[in-house]
Amino acid sequence: MTEPLRSIERRFPGVPTLEGAGVRLRRSFSNNEIPLFDPFLLLDRFGSTNPEDYLAGFPWHPHRGIETVTYVLDGRVEHGDTLGNSGVIGSGDVQWMNSGSGIIHQEMPQRSEGGMSGFQLWVNLPAREKMSIPAYRGLSAGEIPEVSTDTGNRVKVVAGNFERVEGPVRGISVDPTYLDVRVPPGGEFELPTAPGYTVFSHTIDGSGTFAGADSAPVAPGETALFGAGGAVRVRASDAGHRFLLVSGRPLHEPVAWYGPIVMNTQSELRSAVRELQSGEFIKHQRPILEE
Ligand code: FE2
């Protein structure tokens, strides 16, 4: 028996939000949406041609208990962290950072002629990994495979699989899929999705119509959360359709959230704040590079 196609269950237009030291972005979902997107916690879309909207950046701040995934579409983000990593996330690059027990980092968008745009996704860590050793993956655009299909689709595979091509981000508990999909005008795209997994899309450009009961086209900036099923199918409009497609295995664990720190209990949050105040927050400081 074939699994039914997933239908859009809810849509999120994105809420204008001021974050960091004064970065204007659009927040697709966050703590108000718990547990709808489990194991994902937050999706921010930043994008502007006005440097005043992004230059203030995200100066030194802590994280614990989550992974932050930064995908830069256009522009440059300078970064540095307490693991000793520093560098630039440029156009098409991905930084997949596991804060584990604690990291302090900064993320500073640089002035860019063509504007600055990209995403940050927060992926929750299972309780047993929240105090794990922090780890950092910096992937340049060239390290992210792009699959071209005979129907004209182009799919960048950051994590998970598409047509037997595996993305470079591996070994993550919630088994994430993270694709950047381009479907040509009038074209069709389909992806099998694991039953029980959470699946959402975020439209970057153009529009498309997903299979299922909600057949209104999705618009740029719109996040669509899908209901149960075994696959997602979309037909692009005459303008084509570029979108992120993300899935992961839900954790079904309690969430205690305080700004950039996400744990399971209030007591763990209190410990984190106490450790920040006493200077005991960072447990691992030596550089740890994966792959
Ligand atoms: Fe951060």
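We count residues from 1, following the sequence as given. Both ligands and their constituent atoms are indexed starting at 1 by order of listing. Quick note: numbers below take in every heavy atom, side chains included, and nothing from hydrogens, waters or symmetry partners.
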Practice task
Could you tell me whether the side chains of E107 and Q120 share a donor-acceptor contact shorter than 3.5 Å?
Solution key: yes
Completion exercise
The number of protein N, O or S atoms lying under 2.8 Å from the Fe ion (ligand 1) is 4
Practice task
Decide whether T193 and R6 meet the rule of one side-chain donor and one side-chain acceptor closer than 3.5 Å.
Solution key: yes
Practice task
Go through the side-chain N and O atoms of Q95 and H79 and say whether any donor and acceptor fall under 3.5 Å apart.
Solution key: yes
Run the side-chain donor-acceptor check on residues 155-163: report pairs under 3.5 Å with partners two or more places apart or on a different chain.
none

Practice task
Could you identify which residues cluster with V23, counting Ile, Leu, Val, Met, Phe, Trp and Tyr as linked when any side-chain heavy atoms lie under 4.5 Å apart, either directly or through a chain of such contacts?
Solution key: L25, F46, Y54, L55, F58, V72, V77, I89, M116
Completion exercise
The remaining residues in the hydrophobic cluster of F281, counting side-chain heavy-atom contacts under 4.5 Å among Ile, Leu, Val, Met, Phe, Trp and Tyr, are W60, I104, M131, Y258, I261, M263, L269, V273, L276, I282
